[in-house]
Amino acid sequence: MRFSQLFGKTLREPPSDADTISHQLLTRAGMVQQLSTGLYSLLPLGWRAFRKIEGIVREEMDAAGSNELLMPALQPLEIWEESGRAQAFGAALYRLRDRRDRELVIAPTHEEVITLLVRQQVQSYRDLPQILYQIQTKFRDEPRPRGGLVRVREFIMKDAYSFDVDEDGLETSYRKMMQAYKNIFSRCGLPALMVEADSGAIGGKDSHEFMLLAESGEDDILHCLNCGYAANAEKARFVKEKLPQEGLMSLEEVSTPGIKTIQGLANFLNIPETKTIKAVFYSADGKLVFVSIRGDLEVNEVKLKNTLKATDLRLATDEEVKEAGIHAGFASQIGLTGVLTLADDSILTGSNFVVGANKPDAHLRNANYPRDFEPDIITDIALARQGSGCPHCSEPMASDRGIEVGHIFKLGVVFSEKLGANFLDENGVSRPAIMGCYGIGVGRLLAAAVEQNHDEKGIIWPAAIAPYQVHICALNYDNSEVTQAADDAYERLKGAGFDVLLDDRAESPGVKFNDADLIGCPVRLTVSPRNIPQNKIEIKSRNEKTSALIDVDTFLESVREFLAR
RNA sequence: CGGGGUGUAGCUCAGCUUGGCAGAGCGCUUGGUUUGGGACCAAGAGGCCGGCGGUUCGAGUCCGCCCACCCCGACCA
């Protein structure tokens, strides 16, 4: 491609509403253009990088024995009601009516359709296992699109679905996809971290996410540098510090005027936060839940939601709390009735806790389980954080932000049962297919790649996903010798199968070099009147500072070598 | 949905306090001079000042409503 023919302009300054690095650089490099919140056009350069990633994804999926197909994005609402997800997805689901007033959704994902498809196409265990995938646009009415291409309302996703006859089969398919994902990220030159992930309330067991660490990431990841345990904070287990066991002392009321926070309470009574129990109130599908947790810990709402099998979980409002006769800031489970009570298992780690007295301006000392209170449910609902003990080796874990670029998931029979995707096994018994699903956000991966690979001048593409492999800066292109030398290099490279961008514009050298750095192709060649007489061409790697002069006659070899670096 | 911020040329932003001809830099067009890290000279084009309403002789500027975009939060009382 000749730069003079390229659509899309580089910008000296980033647009003011671009906040994340990837959004700024992709916009400045003329690779993306925002249309509206969470809606972006991919311009030719950006689209080329996108297609490189897409190509790698496709090759690895095919290599794993998966079949590519394409399903409709527009779907009858009916099938979403059948699966129960019309409600589960809630407002994130784009809905519309057709001219006959039938309700349709613009699909955020394709479990329903693929399951129905398999129901029609698969009758026998002989038809299984099967892994099917597509690369297609998804639509989600996100509560808050953000971070440029990281969270958008319309995005292209590779989604795959596996169907097996039994759990062992699912395990095999799951492993296959896991390996394919590792291959994909590795080939893209992106060090993705595989972490244990939450599988959601809808069922299923194992789930792993693939994360690219980046400050702008939306997810918190806990990982152990000692043993390699890694998990999304939503899922992460950890070792809860055991407190010294003391003899049980008797309950005693203490006046705590205006002391409503754990920190305030600990200060006021001069005790560690670990000696208190905090009360938090949630509304789970409209029902009030009273949650107790040791004062130094915080509630992990995902764990809580899963424990309660709730579809809608939020903090209770002040009104709801009041109505239940609870004094916020001075609440505890002691003496409380008529409310579902749940406690984190951290309350088992100590004794003689300070808790609320259930009346204003007072707390109780020496509260003990089960003598003074007995929650309906005790389980792990605490949030792990930096320094929390690794559940495998107890070493303190590190915490980092990450961008979720892939997610693999054992679904089980949730969809196949609801939508009737059954097959006859070798004994003639009808059984639901065991499913898994596997997603990669391709556009998000593009953004994450830029988040990870850039410097102050611009993008530094991994060679495998760069829009062009070679960027030729032709200085003084109007000089006929330069024209000839640059065109010659351009043609020879193209002839040898390289993707090449030739900067043939009437721009000054500084502009060309800066644009080359901004766009970030891995190898830069410079053709100029200076080097032509010696029959030399200059070569530079985007991620190295120095350049080298090479012979024009053998420059293809050098380009190959530089690309492999 | 709650809180905060911003809307003026393709981009970055002044101007608004104190109402009185619509501005700068970059980019763009034309001509000329330049040519190894965002060149120079000259001449130009480009605006519903986010929208609607109000106040006023007069509104980019003051008031009200709306819209769009960005950020934070959807969380521990």
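Hydrogens, waters and symmetry mates are skipped; everything else that's a heavy atom, side chains included, is used. In the text below, chain A, chain B and the rest are named by the order of the sequence lines, each starting its count at 1.
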J.: Give me the distance, rounded to whole Å, that separates C21(B) from G2(B) when you measure between the C1' atoms they each carry.
T.: 44 Å
J.: Determine, for Asp380(A) against Arg237(A), whether the closest basic-nitrogen to carboxylate-oxygen distance falls under 4.0 angstrom.
T.: no
J.: Within 45° of the axis and under 6.0 Å from the centre of the six-membered ring of Tyr468(A), does NZ or CZ of Arg48(A) qualify?
T.: yes
J.: Taking atom P of G50(B) as reference, at what distance in whole Å does atom CG of Asp17(A) sit?
T.: 16 Å
J.: Assess the side chains of Glu451(A) and Ser216(A): does a donor N or O sit below 3.5 Å from an acceptor N or O?
T.: yes
J.: Rounding to an integer number of angstrom, what distance separates G46(B) and G27(B) when you compare their C1' atoms?
T.: 11 Å
J.: What residue pairs, at least two apart or across chains, pass salt bridge (charged side-chain N to carboxylate O under 4.0 Å, His left out) with a residue in residues 468-481 of chain A?
T.: none
J.: For nucleotides 31-45 of chain B, just jot down a letter per nucleotide in 5' to 3' order: B, S or -, based on protein non-hydrogen atoms under 4.0 Å.
T.: ----BBBBS------
J.: Using the P atom as the reference point in each nucleotide, state the distance between U56(B) and G19(B) in Å, no decimals.
T.: 15 Å
J.: Are any of the side-chain nitrogens in Arg530(A) or Glu538(A) under 4.0 Å away from the carboxylate oxygens of its partner?
T.: no
J.: Would you indicate, yes or no, if C11(B) has its OP1 or OP2 atom less than 4.0 angstrom from a side-chain nitrogen or oxygen of Ser16(A)?
T.: no
J.: When the P atoms of C63(B) and G25(B) are considered, how many whole Å apart are they?
T.: 31 Å
J.: Parallel, tilted or perpendicular: which fits the ring planes of His407(A) and Phe409(A), with parallel below 30° and perpendicular above 60°?
T.: tilted
J.: Please encode protein proximity along nucleotides 72-77 of chain B as a string of B, S and -, counting only heavy-atom distances under 4.0 Å.
T.: BBBBBB
J.: Among residues at least two apart in sequence or on other chains, which ones pass salt bridge (Lys or Arg N to Asp or Glu O under 4.0 Å) with Arg12(A)?
T.: none
J.: Ser36(A) side chain N/O closer than 4.0 Å to the phosphate oxygens (OP1, OP2) of A68(B)?
T.: no
J.: Please state how far atom CD in Glu13(A) lies from atom C1' in A24(B), giving the value in whole angstrom units.
T.: 12 Å
J.: Just so I know, are the side chains of Ile537(A) and Ser558(A) near enough to count as touching, which here means a heavy-atom distance under 4.5 Å?
T.: no
J.: Please list, chain by chain and in numerical order, all residues satisfying salt bridge (Lys or Arg N to Asp or Glu O under 4.0 Å) with Arg2(A), sequence neighbours excluded.
T.: Asp487(A), Asp504(A)
J.: Do Asn535(A) and Asp551(A) have side-chain atoms, one donor and one acceptor, less than 3.5 Å apart?
T.: no
J.: Can you tell me if the side-chain N/O atoms of Gln33(A) get under 4.0 Å from OP1 or OP2 in G10(B)?
T.: no
J.: Determine the interatomic distance between C1' on U8(B) and the same-named atom on G23(B); round to the nearest Å.
T.: 10 Å
J.: Looking at every strand, decide which applies to Gly356(A) at a 4.0 Å heavy-atom threshold: base, sugar-phosphate, or nothing.
T.: nothing
J.: Write down the distance separating the P atoms in C16(B) and G7(B), rounded off to the nearest Å.
T.: 13 Å
J.: I'd like to know if Lys540(A) pairs up with Glu544(A) as an ion pair, taking the criterion as any Lys NZ or Arg NE/NH1/NH2 lying under 4.0 Å from an Asp or Glu carboxylate oxygen.
T.: no
J.: How far, in whole Å, is U35(B) from A39(B) if one measures between their P atoms?
T.: 13 Å
J.: Quickly work out the Arg151(A) CZ to C69(B) P distance and round it to whole Å.
T.: 17 Å
J.: May I ask you to decide whether Arg401(A) forms a salt bridge with Asp219(A), counting only side-chain N to carboxylate O separations under 4.0 Å?
T.: no
J.: Take atom C1' in A14(B) and the same atom in U6(B), then report the distance between them in whole Å.
T.: 15 Å
J.: Both atom distances under 3.5 Å, Watson-Crick or G-U wobble: I'd like the secondary structure of RNA chain B as a dot-bracket string, with | for pairs made across strands.
T.: (((((((..((((......[..)))).((((((.....)))))).....(((((..]....))))))))))))....
